[in-house]
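Take a look at the structure below.
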Amino acid sequence: MRRGFVDTAEGQIHYRESGSGKPILLLHQTPRSSDEYLEVLPLIGQRYRVIAMDTIGYGDSYKPKKTCTIEDYAKGVITFLDSLGISTASLVGHHTGGVIAIEVAASYPERVEKLVLSAVPYVDEEERLKRRGKKVIDSYELKNDGTHLLDLWRGRQPFYPPNRPDLLMRFIMDAIKAGEKVVEGHLAVSNYRMEDKVGLIRCPTLVICGTEDPFSYPHMKRLAAAIPYSKTLAIEGGTVAMIEQMPEQFAKVVLDFLEERL
């Protein structure tokens, strides 16, 4: 596995990379980083050139001064691909990363060969109204005694697999690094007009979700129904942390789809 940075006009974007061949770009959830795909990279890298980037504002990528929208994150993806000289790639996105992947596939269709949407909620006007005024997950108030770290831990713990404090520790490290940007991706998802974009996707699409993901599993079939040329697959027992929780199974699902003939 290799790590690197690409230079852009706005700042540096950090990434992890493994393998060679056709490019596959992995996009992480908020407020994680490319670390989310640490175990998956070498598995997919056995057959492809697989790259996991840190979304702008997260991980070790530069932090924009402005508050970003999903459209801004998608432009960051395109800038990243351009910097690596990649004209076309398949995209795999988890939670926020999946919403960013939708925007890329809808607005830059010539850049996307295949699309895997993992645990992506369908955010239309009805869903936006439900979210309005509710506390955003991962939001916290900085406290002198450090108990905001415990607040972050306890806020995520119900949605993570039991007896996996190692996964929660990795989440905490990324959340701390995100700083004031920690919930920005969540807010961008809640404000995104997904219903205007999903029908524009023209590439083969796989919509997957873990059955223990309460944020996204109820949306899986509805999201797929709105996307032409898509199909669904439920992953039994998968949680919000499905990628780290069951990397071998996740990688196999992605590889099987990527290798299907168009």
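We're numbering straight along the sequence, starting at 1.
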Donor-acceptor pair, side chain of [X] and main chain of [Y], under 3.5 angstrom:
X	Y	result
Thr205	Cys203	yes
Asp174	Ser33	yes
Thr96	Gln29	no
Thr147	Leu150	no
Arg170	Asp35	yes
Ser190	His186	yes

(request) Verify whether the ring centers belonging to His148 and Tyr140 lie closer than 6.0 Å. (result)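 For His148 and Tyr140, the ring centres are under 6.0 Å apart.
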
(request) Using the test ring-ring contact (aromatic ring centres under 6.0 Å, His included), find all partners of Phe159 that sit at least two apart in sequence or belong to another chain. (result)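 ring-ring contact (aromatic ring centres under 6.0 Å, His included) list for Phe159, sorted by chain: Phe215.
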
(request) Output all residues satisfying ring-ring contact (aromatic ring centres under 6.0 Å, His included) with Phe5, sequence neighbours left out; order by chain, then residue number. (result)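 Counting only residues at least two positions away or on another chain, Phe5 forms a ring-ring contact (aromatic ring centres under 6.0 Å, His included) with His14.
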
(request) Tell me, with the steps shown, if Glu103 and Lys75 meet salt bridge (charged side-chain N to carboxylate O under 4.0 Å, His left out). (result) CA-CA 9 Å; Glu103 174 60 25; Lys75 288 176 184 175; over 6 Å; no

(request) Check the pair Asp213, Thr239 against side-chain hydrogen bond (donor to acceptor under 3.5 Å, both in side chains), reporting the backbone distance first and the verdict last. (result) CA-CA 5 Å; Asp213 186 329; Thr239 66; over 6 Å; no

(request) Consider only side-chain N and O atoms of Ser34 and Arg16, and report whether a donor and an acceptor are under 3.5 Å apart. (result)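 A pair is found: one side chain offers a donor N or O, the other an acceptor, under 3.5 Å apart.
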
(message) If I take atom CE from residue Met246 and atom NZ from residue Lys252, how far apart are they, to the nearest 0.5 angstrom?
(response)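 The CE atom of Met246 sits 14.0 Å away from the NZ atom of Lys252.
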
(request) Test Val189 against every option in His95, Glu184, Arg131, Glu127 by the side-chain contact (heavy atoms from CB on, under 4.5 Å) rule and name the one that passes. (result)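 Checked His95, Glu184, Arg131, Glu127 against Val189; only one passes side-chain contact (heavy atoms from CB on, under 4.5 Å): Arg131.
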
(request) Indicate the ring-plane relationship of Tyr37 and Phe250, choosing parallel, tilted or perpendicular according to the 30° and 60° boundaries. (result)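 Geometry flag for Phe250 against Tyr37: tilted rings.
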
(request) Taking the six-membered ring of Phe257 (Phe, Tyr or Trp), confirm whether the NZ or CZ of Lys114 is under 6.0 Å from its centre and within 45° of its axis. (result)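 Yes, Lys114 lies over the aromatic ring of Phe257.
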
